[in-house]
Amino acid sequence: PSREALAEEIYAEHIDEVVAAAEAAAAAEDAWFGLVSFLESVLGLQARNLPLRGLFLRHGGGTGIAERRRLIFPLLEQLVERCRKQRVVREDLTVGDLALAMWSFAPVLEATAGIAPNVWRRHLRILLDGIRPDAATPQEVAPLAGRRLERAIDALRERYHRRRVAA
């Protein structure tokens, strides 16, 4: 019926796919497999939906979408905790680290879409190698978590929105 309603529906489908990937990852017996599958699924989804990325970031979504989005972090908390228990990731890995790592793919996806659309997979393998326990080095900076992580994600969305509006 309207452009806003269409955007809401497309965004809801996207979030539902992310939630489904997070649920499958959290349920995987092999936590490493679950983590890798989640990242490959979500980053592949982002790569396929790259033309819609600006819309997703500008469009906060209604309360239904916000509720769906809130389902993702607890599932990822479970997944990261299981990964740590199975000793397949460094002990200090947090969901905040994972969220920021996923955000770091945005410029890679945007810059390489027309040149090398699958190069993000190489970047992902390098990231995955870096979160393995044998690659860990002591951290001096506390991870982002809770409200600080939410504020950082909101700041990224706002910055992207301002950049798009100015263009």
Side-chain angles (χ1 to χ4, degrees), residues 11 14-28 31-47 49-50 52-61 63 65-112 120-165:
Y11 191 48
H14 178 88
I15 293 298
D16 286 345
E17 288 186 57
V18 175
V19 169
E23 288 171 340
W32 180 255
F33 175 80
L35 177 63
V36 172
S37 296
F38 173 77
L39 290 170
E40 287 176 343
S41 295
V42 172
L43 293 170
L45 180 63
Q46 286 181 12
N49 290 336
L50 193 57
L52 301 173
R53 183 172 169 13
L55 172 70
F56 292 161
L57 289 172
R58 285 191 305 274
H59 189 290
T63 57
I65 289 176
E67 288 301 316
R68 286 182 183 115
R69 256 197 331 239
R70 280 193 267 283
L71 297 173
I72 298 168
F73 273 79
L75 292 165
L76 295 181
E77 287 282 358
Q78 292 173 20
L79 176 61
V80 168
E81 180 61 29
R82 286 189 47 249
C83 283
R84 287 192 304 251
K85 282 183 180 175
Q86 291 181 13
R87 300 180 190 269
V88 295
V89 297
R90 51 187 303 145
E91 289 180 19
D92 60 351
L93 183 73
T94 68
V95 171
D97 297 325
L98 192 58
L100 292 177
M102 290 174 61
W103 275 87
S104 76
F105 279 83
V108 173
L109 293 169
E110 290 174 353
T112 62
W120 66 267
R121 293 179 184 280
R122 177 181 171 83
H123 185 57
L124 176 59
R125 292 292 166 215
I126 291 168
L127 171 82
L128 290 169
D129 288 347
I131 64 173
R132 291 288 206 162
D134 55 340
T137 58
Q139 293 292 316
E140 297 177 10
V141 178
L144 278 179
R147 185 67 190 127
R148 289 177 57 217
L149 176 60
E150 291 172 20
R151 287 195 334 238
I153 290 171
D154 289 345
L156 284 168
R157 279 194 182 104
E158 178 63 28
R159 181 173 183 220
Y160 186 85
H161 177 65
R162 278 195 312 265
R163 202 174 75 206
R164 289 291 182 184
V165 169

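Numbers here are sequence positions counted from 1. Since this is a predicted model, take the numbers as computed values, not measurements.
Between the CD1 atom of Ile126 and the CZ atom of Arg121 there is a distance of 14.5 Å, given to the nearest 0.5 Å. Between the CD atom in Glu67 and the CD1 atom in Ile15 there is a gap of 12.5 Å [rounded to 0.5 Å]. Rounding to the nearest 0.5 angstrom, the gap separating the CG atom in Leu127 from the CZ atom in Arg122 is 13.5 Å. The NE2 atom of His14 lies 4.5 Å from the CG atom of Leu45; values are rounded to the nearest 0.5 Å.
Under a cut-off of 6.0 angstrom, the local environment of CD in Glu91 is sparse, with at most 12 non-hydrogen atoms contributed by other residues, nucleotides or ligands.
The two atoms that bring Phe33 and Ala28 nearest to each other are CD2-CB, 4.4 Å, heavy atoms only. For Ala135 against Gly130, the heavy-atom pair with the smallest separation is CB-O, 4.0 Å. Here the shortest heavy-atom pairing between Arg87 and Pro133 reads O-CG, 3.3 Å. When every heavy atom of Ala25 is checked against every heavy atom of Phe38, the shortest pair comes out as CB-CB, 3.6 Å. Considering all non-hydrogen atoms of both residues, Ile72 and Val18 come closest at CD1-CG1, 3.5 Å.
Side chain of Arg82 to main chain of Ala26: a donor-acceptor pair is present (N/O by atom type, distance under 3.5 Å, no hydrogens or angles). Put simply, the side chain of Gln86 gets close to the backbone of Ala31: a donor and an acceptor are under 3.5 Å apart. A distance-only check finds no donor-acceptor pair linking the side chain of Ser37 to the backbone of Gly34 [under 3.5 Å].
By the 4.5 Å heavy-atom criterion applied to side chains, Leu149 and Phe73 are counted as neighbours. Inter-residue side-chain proximity for Asp97 and Ile131 is flagged as unmet; no heavy-atom pair is nearer than 4.5 Å. Looking at heavy atoms from C-beta onward, Arg132 lies in side-chain contact with Val88 at the 4.5 angstrom threshold. Considering only heavy atoms from C-beta on, Leu124 stays 4.5 Å or farther from Met102 through its side chain. Between Val42 and Gln46, the closest side-chain pair of non-hydrogen atoms falls below 4.5 Å. Taking the side chain as every heavy atom from C-beta outward, Leu75 and Leu79 never approach each other to under 4.5 Å. Residues Thr112 and Trp120 are not in side-chain contact: their nearest non-hydrogen atoms beyond the backbone lie 4.5 Å or more apart. Two residues are said to be in side-chain contact when any heavy atoms from C-beta on lie closer than 4.5 Å; Val80 and Thr94 fail this criterion.
Remark: the Tyr11 side chain and the Arg68 side chain contain no N/O donor-acceptor pair separated by less than 3.5 Å.
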_If you apply the rule side-chain contact (heavy atoms from CB on, under 4.5 Å), what do you find for Val19 with Arg70, and how did you get there?_
CA-CA 9 Å; Val19 169; Arg70 280 193 267 283; over 6 Å; no

